[in-house]
Amino acid sequence: MDHHAVVKELFPKGDETILDYICGVLEDEHFEFGEDGEEAYEAIGPFLLDGGCVEDDEGAREACRMLADRLSGKSSKSGPAIRALDSGPVHLASADTKQLLYQEKSAKHLIQTPFGNLPTISDKDRAKIEKKVAKEEAAARAAFEAHKAQADIAARGNVPTIVRNVGGGGCRDLHLENFSVSNGGKDLIEDATLMLAFGRRYGLVGRNGTGKTTLLRALATHEIKGIPDNCQVLHVEQEVVGDDTAVIEAVLACDVERAELLQEEADILAKLHKERKDMMPAGAGPHSEAAAKAQVVADGGPAAAAAAAPGGAGGDAELAARLVKVYQRLEEIDAFGAEARAAMILAGLSFTPDMMKRPTKSFSGGWRMRVALARALFVEPDLLLLDEPTNHLDLHAVLWLEEYLLKWPKTLLVVSHAREFLNSICTDIVHLHSRKLTVYKGDYNTYERTMSERIRNARKAAEAQELKRKHVQSFIDRFRYNANRAALVQSRIKALERMAEVEVIEEDPEYVFNFPDPPDPVSPPIIGFNDVCFNYPGGPTLFKNLNFGLDLTSRFAIVGPNGIGKSTLLGLISGHLEPSTGHISRNPKVRLATFSQHHVDGLDLASTPLQIMMRAYPELKEHEARAHLGQFGINATLAGQSLYTLSGGQKNRVAFAKMTFTKPHILLLDEPSNHLDIDATNALIQGLATFKGGVLMVSHDQYLIEATVDELWMCEQGQVTPFHGTFGEYKQRLKALQKDK
């Protein structure tokens, strides 16, 4: 029976595209209608509703029953699909007479029920299935724990140190030829060539999961041939391990030579003059005495330092001579200016003087990541590799980092998905696509224009080549058997063989972020703040006398330095935090969804995206979970992978899918573009533009903010006030304030 004819007969007004899809489903050889068309309803019922084929859910069920009646060859309301023989089972091997075929000698009660009503699974079999599932989950978790332990070991052992190439100029240009990079048996880069010129600043871009971070790791570990042994490569990937070391000491510890020289100086001074050491005032030590000696060196040179040392004139001449050499080397490496330089870097990354003296273990992971970045900037390696350096920074620190990297004296390779950051610092863009690396001169905007032009030209060249091929092939086909044109035909055949294939640049499929619209409109008031004050127990007051309201048309970004309370304000709006004084009124029908900056911490990295969705929503069916994950770019393959194997951007998309399944009225987004590649950020912008609800965002991504919100709200001095201007004007205001300081 013609499925298309039946479907179009039953649903003459349905959407053509959806009807074609339904026909494809029904024609599948493995498709089953089920009892009363129930399985058909689960497979195509939602599409019947979306395509306007039926009016309601009951209509969809009745339509599936009608399809089952027309297409399955039997009524869906008939008796059992498999019927027992009246005489019971028949042994065909001994059936040599008609009488035996109808003889009632067997128990016909053996087959009494249809397969659709088989008995429920036994407790023993259920236990076996549960044991198997538990075993698979345990294996996945064990693999994750092994991966985590390896990462922790790498983090503990990765303490950068300053390398000084005495007598040489260090590493200059890097020429990397015909190299490949793989991860877990999967080839990410094949037969690539890359030249990194000294003093250039490269931005590495590409979609999530293409292998950008893996490439940085391969460079950092010298796995790629072509990196000289004397080239110091430093990859900022792991946060600093928290311990009792003060922040500024954790940075200064990278200069091992300085620490050894200062220790040697202290030992020599102790030997030369033990009495003076005993009489030193409390609080004095190697650093303070080293500073004093530095001044002596500056005023009178190393000889003056030796003369100033106890015993230098008539004492132990050998120790005094060694002390002179120590001071000379300390002066050469600017040891006495190191602490000031470290403090300057930390201050640029928003550390206050008091914070610099605190132990690293007292800071969160985001702040310890800043310490790791500060150490890398302090070390100043030949090749600095940064992976999403702006993710843990506020706008003040991002602006400072841009200015600092613009003066970077060596080679820089940075992975970033912040368009404005790449435009500010990059001299070149390296594009990782289809397992190949392509270098473009200029900033990100220049790359984008050049890339678009290259794709357009390649497409035109391919089309022209194809027309030429068809023309030549037409001539060959026309005169192939013409003896007078044999020579011409042969020349055309050879010309056709010599035609080179024109490389067509494969374009990535577009990302789609579909934020489901709330089905039930809510009338105002939505959320109202009335004289709200807030402080954490024992802490200072973060907000005082806040008065404002929100509705479903509210779209604003909250800006301000880290620690000012931006995430806290989102917590107050969502209800996760309660005000210290004042009152927050909320419409009980309003659903809020929060995307946290530390959302990955709340996800089980050993589980798959599909498992995360099914556990969060137990009533959810598997095909519904897969469909919802697909709305955020998580395809069937990614949905079955453990979360720790996914890139940061892919984890973000899983979190978006999880938080939006309830169809919220207002989205509260804390740094939503972190780890998302630029294409995914564009898809996020498009999804938010079509979302019919409120959007409140904490972000320092200028492109995202300018494309999605209507207003900026500043957190300053315990107040939240609108900023009347563009984000660019707000940045200029911050730069002016930093210069005034």
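Every value quoted in this text rests on a predicted model; they were computed, and no experiment measured them.
- Without hydrogens or angle criteria, Glu729 side chain to Thr726 main chain gives a donor-acceptor distance under 3.5 Å.
- Side chain of Asp387 to backbone of Val414: no donor-acceptor contact under 3.5 angstrom is found.
- A side-chain N or O of Thr446 and one of Asp443 form a donor-acceptor pair less than 3.5 Å apart.
- We find the CG-NZ distance between Asp428 and Lys441 to be 4.5 Å, quoted to the nearest 0.5 Å.
- Considering CG of Leu437 and CG of Leu194, their distance stands at 6.0 Å, rounded to 0.5 Å.
- Under 4.0 Å is where a charged nitrogen must lie from a carboxylate oxygen, and between Glu622 and Arg626 at least one such pair does.
- For the residue pair His417 / Glu388, a side-chain donor-acceptor distance below 3.5 Å is found, with atom types taken as modelled.
- Interatomic distance, Leu669 CG to Asn674 CG, rounded to the nearest 0.5 Å: 11.5 Å.
- Checked against a 6.0 Å centroid threshold, the rings of Phe515 and Phe632 count as neighbours.
- Counting only heavy atoms from C-beta outward, the side chains of Leu48 and Tyr41 never approach each other to under 4.5 Å.
- A donor-acceptor pair under 3.5 Å is formed between the side chain of His700 and the backbone N or O of Thr390.
- Side-chain N or O atoms of Thr608 include one that pairs as donor or acceptor with a backbone N or O of Gln611 at under 3.5 Å.
- Under 4.0 Å is where a charged nitrogen must lie from a carboxylate oxygen, and between Glu177 and Lys225 no such pair does.
- With salt bridges taken as basic N to acidic carboxylate O contacts below 4.0 Å, one links Glu453 and Arg456.
- Put simply, CG on Leu234 and NZ on Lys410 are 11.0 Å apart, with the number rounded to the nearest 0.5 Å.
- Ser642 places no side-chain N or O within 3.5 Å of a backbone atom of Tyr644 that could act as its donor or acceptor partner.
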task: Start with the C-alpha distance between Gln641 and Leu638, add both sets of side-chain angles, then the distance that settles side chain to side chain contact (heavy atoms under 4.5 Å, CB included), and finish with yes or no.
output: CA-CA 5 Å; Gln641 292 181 209; Leu638 294 177; 3.8 Å; yes
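- Here the side chains of Val236 and Leu385 are not in contact, with every heavy-atom distance at 4.5 Å or above.
- Between Leu373 and Leu386 the shortest side-chain heavy-atom distance falls below 4.5 Å.
- Taking 4.0 Å as the cut-off between side-chain N and carboxylate O, Asp710 and Arg555 do not count as a salt-bridged pair.
- For residues 455-480, the ring pair (Phe, Tyr, Trp, His ring centres under 6.0 Å) pairs, not counting sequence neighbours, are Phe475-Phe479.
- To the nearest 0.5 Å, the span separating CG on Leu377 from OH on Tyr404 amounts to 5.5 Å.
- Within the 3.5 Å criterion, the main-chain N or O of Glu671 finds no donor-acceptor partner in the side chain of Ser699.
- Note on Lys731 versus Glu420: no salt bridge recorded, every NZ/NE/NH1/NH2 to OD/OE distance being 4.0 Å or above.
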field: Test ring-ring contact (aromatic ring centres under 6.0 Å, His included) applied to Phe691 and Phe513, step by step
entry: CA-CA 10 Å; Phe691 174 64; Phe513 276 46; over 10 Å; no
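- The closest donor-acceptor contact from the side chain of Thr427 to the backbone of Arg201 lies under 3.5 Å.
- Tyr444 meets the ring pair (Phe, Tyr, Trp, His ring centres under 6.0 Å) test with Tyr447; sequence neighbours excluded.
- Seen from the ring of Tyr703, Arg419 counts as a face-on cation partner, given the 6.0 Å and 45° thresholds.
- Separation of atoms CD (Gln631) and OG1 (Thr660) is listed at 7.5 Å; rounding is to 0.5 Å.
- The backbone N or O of Ile189 lies less than 3.5 Å from no partner atom in the side chain of Asp187, so there is not a single donor-acceptor pair.
- For the side-chain hydrogen bond (donor to acceptor under 3.5 Å, both in side chains) condition, the pairs that include at least one residue of residues 677-688, sequence neighbours left out, are Arg207-Asp679, Tyr511-Asp677.
- The environment of NZ in Lys621 is sparse: at most 12 heavy-atom neighbours from other residues, nucleotides or ligands sit within 6.0 Å.
- A 4.5 Å side-chain heavy-atom check between Asp604 and Leu643 finds every atom pair outside the cut-off.
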